[in-house]
Enquirer: 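Sharing a structure below in structure tokens format, with a few things to ask.
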2 protein chains.
Amino acid sequence: MSISFADNRSAPTSSHSSAEAGRQRAGHLWSSLADVCNLLQIAPGSAAADRDIVFQHVQFKAGQRIFTIGQPFDMLYIVNSGFLKTVLLDDAGNEQVLGFPMKGDLLGTDGIHQKKYASEAVALSSCDIVMVPFKMLTSLSRRYPEMEMALYSAISRELVREQIMLNMLGSLSAEARVARFLMSLSERFSAMGYSGKEFNLRMTRQDIGSYLGLTLETVSRTMSAFDRLGYIGVDGRAVILKEAQTLRTLRRLPPSKAKAKKVIVEPSDIEMADKELAA
Amino acid sequence: MSISFADNRSAPTSSHSSAEAGRQRAGHLWSSLADVCNLLQIAPGSAAADRDIVFQHVQFKAGQRIFTIGQPFDMLYIVNSGFLKTVLLDDAGNEQVLGFPMKGDLLGTDGIHQKKYASEAVALSSCDIVMVPFKMLTSLSRRYPEMEMALYSAISRELVREQIMLNMLGSLSAEARVARFLMSLSERFSAMGYSGKEFNLRMTRQDIGSYLGLTLETVSRTMSAFDRLGYIGVDGRAVILKEAQTLRTLRRLPPSKAKAKKVIVEPSDIEMADKELAA
DNA sequence: CGTTCCCTTGAAATATTTCAATTATAGTGG
DNA sequence: CCACTATAATTGAAATATTTCAAGGGAACG
């Protein structure tokens, strides 16, 4: 039996639907510059007025690749709807998951450096993607300073996101990684207008494990443990968050056999007083 | 030990004391735009002719911070000489090392997004740093298209570097991480004209461990093991690489009891990720 | 309706950390 | 310049987190 609730694949409750941002034309969707700014959460500034420039959309089905490693770079992609993963491939062809882009995320920036994409993006569901020629973006940058900053800002944000992942992989336990992963998804769903409390995972345990530097078994066991402790409800890919605050600050699990149901948390929100803990 | 370049070492302060983000007094060195392009390994194009623009240098001593987390962003920094580490700080004030920048590396790009630096850079030795106002760079971008691409490219490269680190942390054993770390340093030293075979580590075992997601003891033990196996020579911070090819492709150590000196290596390809492992 | 992929769970193997003790090394100030 | 103190590095032994191996059940899909 499965937990069932509204699928976050359906339209968000938000009043602001950018699905209508796209213009139907010749069977394809197109977005204006204003639409794109909106999607990226940029103040469009004077660029919004530019009605001449439109960007084409492309649809992908689950499993399809938006771009692949080594492919010549000339295009950036913005997710309009759907869920994806970005991956690196090692010599044996094994995937290393780098991230799970969704609505509003910018893809392909790692291709700028070598003029070839350094990673590949795979659709995990049906996806609607806006294609933005990089040349176009740089020429727009010259015309509209807001666009220039937006582009730098978007790339810089990606950089910061990866730094945070490095920190996570370098210093947190398996449980803490899984907990933060769930909270991160929750927050992103919320920001998109979906429920941050109940959602479906779009990726396999394998994908999550790769992303978090863990085996799929460890991910599965950890989620089961969270379920047993009442922090979440899990049934396959359906997740219900029950103790968000606990998950947010969790460092490791409480001793299973022993006494307390108490959890070790960070001294974060309170203050940063004692440092005798610090090595 | 025979080491190919100058001394170093004054104890890198273990975190805190970020109070005075040590911007020493202004140095007396200045660089032209052509100098900067040269440092960054950019084809200067027509920009080289611009003799009006000069960039100021600043000197830092070991332990001083070039910029700190949360500090308002307005400047990028290019390393002209010296060695640094970039770090993230968690709630308890513990450092997470993100990279070890050296000559030619661009610092501070993670500040673009939030207009505040997201990490901090700490000098591990005496350093000479070129200051480049971000505004200046973007205005130059408008004038010289080469500069624009150079900037995007530099940030994109950083992104790729971090992706490779994520892959490493997510999938390699402790031994493989240390081996690749050493090879990466070696290649960077070589590229700078120093010996890639004999060099001094500028950072502590703690720093290396943090960077690689390992404890300092594991780093120490692993290097000792490499030494015992004849792959390297280690004496404190002095390192001599003896079996570069072995280190480059090492996956895990050969069984200690057993006879074999043979090492398990990757099935195919040997380069790709090794190229730019570290900052 | 079968085939394939995905998820869960246990038990054993093992890699890495933790704790602890000892020896180096560098910086400080008499 | 040397002694002194603090920080850094090494190493062993024990503790433990995570992976590996293995098997069974479930969901998805053509």
Side-chain angles (χ1 to χ4, degrees), chain A residues 1-4 7 61-63 95 124-125 169-178 200-210 212-228 234-239 250-258 264 277-279, chain B residues 1 3 7-17 61-63 95 124-125 169-178 200-210 212-228 234-239 250-257 264:
Chain A
M1 61 163 83
S2 27
I3 301 172
S4 99
D7 195 330
K61 286 177 298 189
E95 286 188 350
L124 295 178
S125 70
L169 292 188
S171 67
L172 296 187
S173 69
E175 288 113 22
R177 293 184 208 180
V178 174
N200 282 327
L201 301 173
R202 309 242 93 88
M203 64 298 280
T204 66
R205 300 291 191 265
Q206 173 88 262
D207 287 336
I208 299 172
S210 171
L212 299 177
L214 303 170
T215 60
L216 67 97
E217 292 96 331
T218 299
V219 173
S220 176
R221 267 188 264 271
T222 303
M223 301 223 298
S224 297
F226 286 169
D227 187 317
R228 230 170 293 121
V234 201
D235 179 37
R237 301 215 175 164
V239 174
L250 181 140
R251 281 260 153 117
R252 31 195 251 267
L253 288 185
S256 50
K257 299 296 197 324
I264 291 86
L277 279 181
Chain B
M1 287 296 112
I3 298 313
D7 58 326
N8 65 3
R9 273 229 46 89
S10 48
T13 73
S14 51
S15 77
H16 57 56
S17 94
K61 287 179 299 189
E95 287 187 351
L124 294 178
S125 68
L169 292 188
S171 68
L172 296 186
S173 69
E175 287 113 21
R177 292 183 209 181
V178 173
N200 279 329
L201 301 173
R202 298 280 160 0
M203 63 298 282
T204 65
R205 300 290 191 264
Q206 173 89 263
D207 287 336
I208 299 171
S210 172
L212 298 177
L214 303 170
T215 59
L216 66 97
E217 292 96 331
T218 299
V219 173
S220 178
R221 267 188 263 270
T222 303
M223 300 220 300
S224 296
F226 287 169
D227 186 317
R228 230 171 292 122
V234 199
D235 179 35
R237 301 210 175 169
V239 174
L250 180 139
R251 281 261 151 121
R252 29 193 255 266
L253 289 184
S256 49
K257 300 288 167 56
I264 291 87

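Naming: A, B, ... by sequence-line order, numbering from 1 per chain.
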Enquirer: Using a 4.0 Å heavy-atom cut-off to protein, can you give one letter per nucleotide of nucleotides 8-19 of chain C, 5' to 3': B if the base is in contact, S if only the sugar-phosphate is, - if neither?
Expert: BBBB----SBBB
Enquirer: Show which side-chain atoms of residues 216-226 of chain B pair as donor or acceptor with protein atoms under 3.5 Å away, not counting sequence neighbours.
Expert:
{"from": "B/Thr218", "atom 1": "OG1", "to": "B/Thr215", "atom 2": "OG1", "distance (Å)": "2.9"}
{"from": "B/Thr222", "atom 1": "OG1", "to": "B/Thr218", "atom 2": "O", "distance (Å)": "2.6"}
{"from": "B/Ser224", "atom 1": "OG", "to": "B/Ser220", "atom 2": "O", "distance (Å)": "3.1"}

Enquirer: Taking CZ from B/Arg237 and C1' from C/dG27, how many angstroms apart are they, rounded to a whole number?
Expert: 13 Å
Enquirer: At 10 degrees resolution, what angle do the end axes of the helix from C/dC1-D/dG30 to C/dG30-D/dC1 form when each is taken over five base pairs?
Expert: 60°
Enquirer: Nearest-Å distance, CE (B/Met203) to C1' (D/dA9)?
Expert: 15 Å
Enquirer: Of the non-hydrogen atoms in A/Gly213 and A/Leu169, which two are nearest, and what is the gap between them?
Expert: N-CD2, 4.0 Å
Enquirer: Find the distance between CD (B/Gln206) and CD (B/Glu95) and round it off to the nearest 0.5 Å.
Expert: 8.5 Å
Enquirer: Could you pull out the closest heavy-atom pair between B/Arg205 and B/Gly236, with the gap in Å?
Expert: NH2-O, 2.6 Å
Enquirer: Could you check how far CG of A/Asp207 sits from P of C/dC7, rounded to whole Å?
Expert: 8 Å
Enquirer: Out of the candidates A/Leu212, A/Ile208, A/Leu250, only one should pair with A/Arg177 under the side chain to side chain contact (heavy atoms under 4.5 Å, CB included) rule; please name it.
Expert: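 Going through the options one by one, the only one that passes is A/Leu212.
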Enquirer: Please answer whether the main-chain N or O of B/Ser125 pairs with a side-chain N or O of B/Arg202 as donor and acceptor at a distance below 3.5 Å.
Expert: no
Enquirer: In whole Å, I'd like the distance from the CG atom of B/Leu201 to the P atom of D/dA9.
Expert: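 Atom CG in B/Leu201 sits about 9 Å away from atom P in D/dA9.
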Enquirer: Distance check, rounded to the nearest 0.5 Å: B/Leu124 atom CG versus B/Asp207 atom CG?
Expert: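 Going from the CG atom of B/Leu124 to the CG atom of B/Asp207 covers 6.5 Å.
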Enquirer: Please evaluate residues B/Val239 and B/Leu201 with respect to the criterion side-chain contact (heavy atoms from CB on, under 4.5 Å), reporting the C-alpha separation (whole Å), side-chain torsions for both, the decisive distance (0.1 Å), and the verdict.
Expert: CA-CA 7 Å; B/Val239 174; B/Leu201 301 173; 3.8 Å; yes
